[in-house]
2 protein chains.
Amino acid sequence: MKLNTKSRYAVMALADMAVFSSNNAVSLRDISLRQGISLLYLEQIFLRLKKNNIVKSVRGINGGYILVKSPKELKISDILLALDQKVKTIGCKKDSKKSCNGKSTKCITHNFWDELDIHINSFFENKKLSDLLKNREARI
Amino acid sequence: MKLNTKSRYAVMALADMAVFSSNNAVSLRDISLRQGISLLYLEQIFLRLKKNNIVKSVRGINGGYILVKSPKELKISDILLALDQKVKTIGCKKDSKKSCNGKSTKCITHNFWDELDIHINSFFENKKLSDLLKNREARI
DNA sequence: AAAAACTTGACTATTTTAGTCGGGTATATA
DNA sequence: TATATACCCGACTAAAATAGTCAAGTTTTT
């Protein structure tokens, strides 16, 4: 089980912004250099962050991106939602359009995966971007 | 983020066994019919469950599989471990053999993913197979 | 003997993932 | 006003993972 790199890099990049923006826009180029993430890939990621109103952009020279909310208010779940389209993580079966086991009732494991889903999502709901920055020994 | 179907089907199949074994071996054919999972696929899954000592097999007519531990003692994490080889779920970067960001220090998000990992794994550690069977409205 | 059921490795089609490419557009500053 | 910087955006692709099948067994009960 893993999150895709888009989500992980998004969290990383936004954390970087939280550290390095001093009311200025932060350019992808700088993030790319500091975090070692491909610039082209970052562009793709920020496109979606922008569409989902996590960041806003400033064009032209000295442009870049700015966090829409403060790190204290930005939930990690908001970030993941912007990239994954779904907070629903795990289901019983692949094709869950039909019922879990092709029958009318819920399958044995149905409630279990629901519980897990809640467990994981509440973690992301309760974490703010600013929480990542506390007590870190690691600086860029 | 999702678990692969092997893991999900394994949990489903073992839950089925917990319900339907009455001290008899349970055949994959029966599980396949009840749960709507391909027999051939179940074979592949049970091979690994057997290797990891989650089930033992009885060959020949009336054969099948038997849970090694009781459902009350069998942790979900044991099952996932048998199929995934790893409980480690998420890291900062794809190639985490090197450090997270190609530098010597830990990256900004490193501790965060570690926390998440613990959060998820403790869920699996604390759930027993028997827990899935409680209060279920859904029967096969 | 025959049938049921486990055993095992190899194989394959499909999907997902990670990431690149190319050709834009906007804007600050010299 | 030229130009460099930086955002914008859809399309594309190579590689890996996934889900599942196939074939050819072996073992054991009846």
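Values below: all heavy atoms of this structure, side chains included; hydrogens, waters and symmetry mates excluded. All figures in this text were calculated on a predicted structure; none of them were measured in a lab.
- With rounding to the nearest 0.5 angstrom, the CG atom of A/N111 is 12.5 Å from the CG atom of A/D117.
- For D/dT18, neither phosphate oxygen OP1 nor OP2 lies less than 4.0 angstrom from any side-chain nitrogen or oxygen of B/T5.
- Here the side chain of B/K51 is nearest to one of C/dC6, D/dC7, C/dG9, namely C/dG9.
- Separating the CG atom of B/L83 from the P atom of D/dA19 is a distance of 11 Å, rounded to the nearest angstrom.
- The side chain of B/K50 contributes no N or O atom lying less than 4.0 Å from OP1 or OP2 of C/dC6.
- Dashed line: the shortest gap from a side-chain N or O of B/Y41 to OP1 or OP2 of D/dC22 is not under 4.0 Å.
- Looking at heavy-atom distances under 4.0 Å, A/Y65 makes contact with sugar-phosphate atoms alone, never a base.
- For the OP1/OP2 pair of C/dA5 and a distance below 4.0 Å, the side-chain nitrogens and oxygens of B/S57 include no atom meeting the criterion.
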**Report entry** Check against side-chain hydrogen bond (donor to acceptor under 3.5 Å, both in side chains), B/Y41 and B/S32
**Finding:** CA-CA 9 Å; B/Y41 206 27; B/S32 169; over 6 Å; no
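- Taking the nucleotide of DNA chain C with the nearest heavy atom to each of B/R29 and B/L47, the more 5' of the two is matched to B/R29.
- One interatomic measurement links the two molecules: CG of B/N4 to P of D/dG20, which rounds to 11 Å at whole-angstrom precision.
- Salt-bridge annotation for B/K75 and B/E125: present, with a side-chain N of the basic residue lying under 4.0 Å from a carboxylate O of the acidic one.
- Take A/N4 and apply the side chain to side chain contact (heavy atoms under 4.5 Å, CB included) test, not counting sequence neighbours, and it matches A/K6, A/S7, A/D84.
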Query raised in the report: Tell me, for nucleotides 21-30 of chain C in 5' to 3' order, what letter each nucleotide earns: B for a base near a protein heavy atom under 4.0 Å, S for only sugar-phosphate near one, - for neither?
Result: B--BBBBBS-
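- Applying the ring pair (Phe, Tyr, Trp, His ring centres under 6.0 Å) test to pairs two or more places apart or on separate chains, those with a residue in residues 45-74 of chain A are A/F46-A/Y65.
- In terms of phosphate contacts, A/Y9 brings no side-chain nitrogen or oxygen within less than 4.0 Å of OP1 or OP2 of C/dT17.
- The distance between atom CD1 of B/I37 and atom P of D/dG20, rounded to the nearest whole Å, is 9 Å.
- Summarising the geometry, the separation between NZ on B/K56 and C1' on C/dA5 is reported as 18 Å, rounded to the nearest angstrom.
- In the hydrophobic cluster analysis, where Ile, Leu, Val, Met, Phe, Trp and Tyr join through side-chain heavy atoms closer than 4.5 angstrom, A/F123 is grouped together with B/I120.
- Nucleotide D/dC8 holds its P atom 14 Å from the CG atom of A/N52, rounded to whole Å.
- Taking 4.0 Å as the cut-off between side-chain N and carboxylate O, B/K72 and B/D131 do not count as a salt-bridged pair.
- Rounding to whole angstrom units, CZ of residue B/R48 and P of C/dG9 are separated by 12 Å.
- Spacing between atom CG of B/L39 and atom C1' of C/dC6 amounts to 10 Å, rounded to whole angstrom units.
- C/dT20 atom P lies 10 Å from atom CG of A/L42, rounded to whole Å.
- Of all nucleotides listed (C/dA18, C/dG9, D/dA19), D/dA19 comes nearest to the side chain of B/K6.
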